[in-house]
Amino acid sequence: MPTAAQTKPFKSYEEQIALLRARGLLIQDTAYAQEVLKRLNYYRLSAYSLTLRKEDRFYPGVTFEDIVELYDFDDELRRILFRFSSAVETSARAYCAYYHAKVHGPLGYLNNRWFEDEWKHAGFLRELDTAIRHSSDAFIIHHREDLGGVYPVWVAMEETTFGSLSKFYKNMLAADRQAIAKNFYGLPRAYVENYMQCASVARNIAAHGGRFYNRIHLKPSVKLPEGLKAKMDADAPAAYIYAIYALLPDSSKYAMIRELQKAFDRYPFAMPKYLGLPAGWEKLYSLYGNHLQAEH
């Protein structure tokens with residue numbers, strides 16, 4: 001077990017502010033800085049200063065407000081990605097439930113013969129069973145108390161997490177995955193599998209207040225179209241944004257781009273390159289979203 005001597009000592013808000021000033025950060029309003037540190041936590045906020053300093057020395061002219069602006073931008077970005085990844089989740093859940101019921105029957109999802117890996121299928125059922133047993137949703141209570149605890153796939157799927165739903169889709173038979181992928185505006189099956197998983201990861205990060213700005217590596221890597229591979233890192237937030245974008249209908253694609261543009265306009269100190277976004281990213285997304293569909 002680590003000892004107290006191995007950890008950094010506790011610092012009061014006043015000491016934290018003094019330390020930031022000693023490192024060259026401009027802080028004009030001490031009361032404001034203290035209020036922000038109380039609300040956000042020094043360690044959490046400091047992550048947004050990584051692009052504004054070299055080691056422990058801030059670049060000349062950097063202010064406390066600059067760091068807060070980057071945090072506020074990332075907070076807005078989280079809301080955008082949560083909104084649009086949730087839309088992807090809702091559509092994916094509907095597609096999977098409808099198709100599986102149509103082809104394999106209302107309870108076919110319980111039978112491992114319709115899945116590639118029986119152990120992964122068993123793990124999915126365990127997760128689902130736990131979710132259903134702890135659910136207080138009215139429709140689950142109705143099926144539990146009035147219908148003998150039998151849950152058709154269109155009911156059961158409403159209790160899955162996005163991550164569990166992604167695993168469910170990825171473990172379906174190849175023909176089933178291919179058929180469902182057609183709902184995603186002509187995207188190839190392999191891209192849908194990967195993009196759904198990445199959208200699930202992004203949504204989880206957004207839901208738990210994780211950082212996207214200046215985040216270097218996300219996993220899994222995004223399966224980018226050939227034309228984008230040289231323009232962005234497959235592990236960067238930009239690639240995850242693209243994965244969500246690609247799974248949306250055209251009307252939502254345009255809405256997502258507009259929301260991202262507004263966020264950069266609202267917080268001009270935030271730089272697209274720290275999300276891995278190349279110059280002209282708006283046009284690139286549109287071009288390669290359509291290009292990927294046309295190729296396949």
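In what follows, residues are counted from 1 in the order of the sequence shown.
Residues L128 and R133 form no side-chain contact, since every pair of their non-hydrogen atoms from C-beta on lies 4.5 Å or further apart. Using a 4.5 Å heavy-atom cutoff, the side chains of E116 and L173 are in contact. You'll find the side chain of L260 reaches within 4.5 Å of the side chain of L77, heavy atoms only. A 4.5 Å side-chain heavy-atom check between H100 and M172 finds at least one atom pair inside the cut-off. Two residues are said to be in side-chain contact when any heavy atoms from C-beta on lie closer than 4.5 Å; V201 and P220 meet this criterion. By the 4.5 Å heavy-atom criterion applied to side chains, L25 and L52 are not counted as neighbours. In this structure, the side chains of F269 and V68 stay at 4.5 Å or more apart for every pair of heavy atoms. Looking at L248 and F184, their side chains never come closer than 4.5 Å, going by heavy atoms from C-beta outward.
Taken to the nearest 0.5 Å, the OG1 atom of T30 stands 8.5 Å off from the CD atom of Q34. Between the CD1 atom in I241 and the OG atom in S85 there is a gap of 11.0 Å [rounded to 0.5 Å]. For the atom pair CG (D129) and CD (E159), the distance works out to 11.5 Å, reported to the nearest 0.5 Å. Expressed to the nearest 0.5 Å, how far OH of Y274 lies from CE of M271 amounts to 6.0 Å. The structure places CD1 of I205 at 13.0 Å from CZ of F82, a figure rounded to the nearest 0.5 Å. Rounding to the nearest 0.5 Å gives a distance of 13.0 Å between CD1 of I141 and CG of L147.
Under the rule for a ring-ring contact (aromatic ring centres under 6.0 Å, His included), Y267 has no partner lying at least two apart in sequence or in another chain. Qualifying salt bridge (Lys or Arg N to Asp or Glu O under 4.0 Å) partners for D137, counting only residues two or more places apart in sequence or in other chains: none. With sequence neighbours left out, R23 forms a salt bridge (Lys or Arg N to Asp or Glu O under 4.0 Å) with D56. Listed by chain and residue number, nothing satisfies the salt bridge (Lys or Arg N to Asp or Glu O under 4.0 Å) test with K102 (two or more places apart in sequence, or in another chain). In this structure, the salt bridge (Lys or Arg N to Asp or Glu O under 4.0 Å) partners of K219, at least two apart in sequence or on a different chain, are D235. In this structure, the side-chain contact (heavy atoms from CB on, under 4.5 Å) partners of S91, at least two apart in sequence or on a different chain, are Y95. The side-chain contact (heavy atoms from CB on, under 4.5 Å) check on K182 picks up nothing, with sequence neighbours excluded.
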- Evaluation steps, ring pair (Phe, Tyr, Trp, His ring centres under 6.0 Å), between Y109 and F115: CA-CA 9 Å; Y109 74 99; F115 298 88; 8.4 Å; no

Exercise for review: Walk me through it: do N171 and W119 pass the test side-chain contact (heavy atoms from CB on, under 4.5 Å)?
Suggested key: CA-CA 10 Å; N171 194 34; W119 296 107; over 6 Å; no

Report task. For D117 and F124, run side-chain contact (heavy atoms from CB on, under 4.5 Å): C-alpha distance rounded to whole Å, both residues' side-chain angles, the deciding distance at 0.1 Å, then the answer. Result -> CA-CA 11 Å; D117 188 313; F124 166 79; over 6 Å; no

Using the side-chain contact (heavy atoms from CB on, under 4.5 Å) rule, take T63 and I27 through it: C-alpha gap first, then chi angles, then the decisive distance, then the call.
CA-CA 6 Å; T63 69; I27 302 177; over 6 Å; no

Q.
Working note: Y242 + W281, criterion side-chain contact (heavy atoms from CB on, under 4.5 Å); need CA distance, chi angles, decisive distance, verdict.
A. CA-CA 10 Å; Y242 177 80; W281 59 271; over 6 Å; no

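When every heavy atom of V222 is checked against every heavy atom of C198, the shortest pair comes out as CG2-SG, 3.8 Å. Looking at every heavy atom in both residues, M196 comes nearest to A92 through CE-CB, 3.9 Å. Between M157 and A97 the shortest heavy-atom distance is CG-CB, 4.0 Å. When every heavy atom of L70 is checked against every heavy atom of A270, the shortest pair comes out as CD2-CA, 3.6 Å. Residues L224 and L228 share a closest heavy-atom pair of CD1-O, 4.1 Å. Pairing each heavy atom of G210 with each of D74, the nearest pair is O-OD2, 3.9 Å.
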Can you give the donor-acceptor pairs under 3.5 Å from side chains of residues 163-170 to other protein atoms, not counting sequence neighbours?
residue : atom : partner : partner atom : Å
S164    : OG   : E127    : OE1          : 3.3
Y169    : OH   : R177    : O            : 2.8
K170    : NZ   : Q197    : OE1          : 3.2

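Under a 3.5 Å cut-off, the side chain of E15 and the backbone N or O of S12 do form a donor-acceptor pair. Checking side-chain atoms of S46 against main-chain N and O of Y43 turns up a donor-acceptor pair under 3.5 Å. With hydrogens and angles disregarded, a donor-acceptor distance shorter than 3.5 Å links the side chain of N183 to the backbone of I180. Here the side chain of N194 pairs a donor or acceptor atom with the backbone of K223 at under 3.5 angstrom. Not a single donor-acceptor pair under 3.5 Å links the side chain of N112 to the backbone N or O of H121. A distance-only check finds no donor-acceptor pair linking the side chain of S49 to the backbone of L45 [under 3.5 Å].
Under the 4.5 Å side-chain heavy-atom criterion for ILVMFWY residues, a single connected hydrophobic cluster contains both Y32 and Y13. Hydrophobic clustering (ILVMFWY, side-chain heavy atoms < 4.5 Å, transitive): L26 and Y71 are in distinct clusters. Residues F64 and L19 share a hydrophobic cluster, clusters being chains of Ile/Leu/Val/Met/Phe/Trp/Tyr side chains in contact below 4.5 Å. Hydrophobic clustering, with ILVMFWY side chains joined whenever heavy atoms are under 4.5 angstrom apart, keeps F212 apart from L50.
Side chains of N204 and H208: a donor on one and an acceptor on the other come within 3.5 Å.
Look at R78 and D75 and you find a salt bridge, because one of the NZ, NE, NH1 or NH2 atoms lies within 4.0 Å of a carboxylate O, short of that distance.
For R113, the CZ atom sits in a loose shell: 12 or fewer heavy atoms of surrounding residues, nucleotides or ligands are nearer than 6.0 Å. Residue-environment remark: OH (Y98) stays at or below the threshold of 12 foreign heavy atoms within 6.0 Å.
For residues 200-213, the set of pairs meeting the salt bridge (charged side-chain N to carboxylate O under 4.0 Å, His left out) definition, not counting sequence neighbours, comprises E89-R203. Counting only residues at least two apart or on different chains, no salt bridge (charged side-chain N to carboxylate O under 4.0 Å, His left out) pair has a member in residues 61-73. Residue pairs satisfying the ring pair (Phe, Tyr, Trp, His ring centres under 6.0 Å) criterion with at least one member in residues 126-161, sequence neighbours excluded, are absent. Annotation: salt bridge (charged side-chain N to carboxylate O under 4.0 Å, His left out) contacts involving residues 255-277, sequence neighbours excluded, comprise E76-R266, E259-K262.
Using a 30° and 60° split on the angle between ring planes, Y48 and Y213 fall in the parallel class, below 30°.
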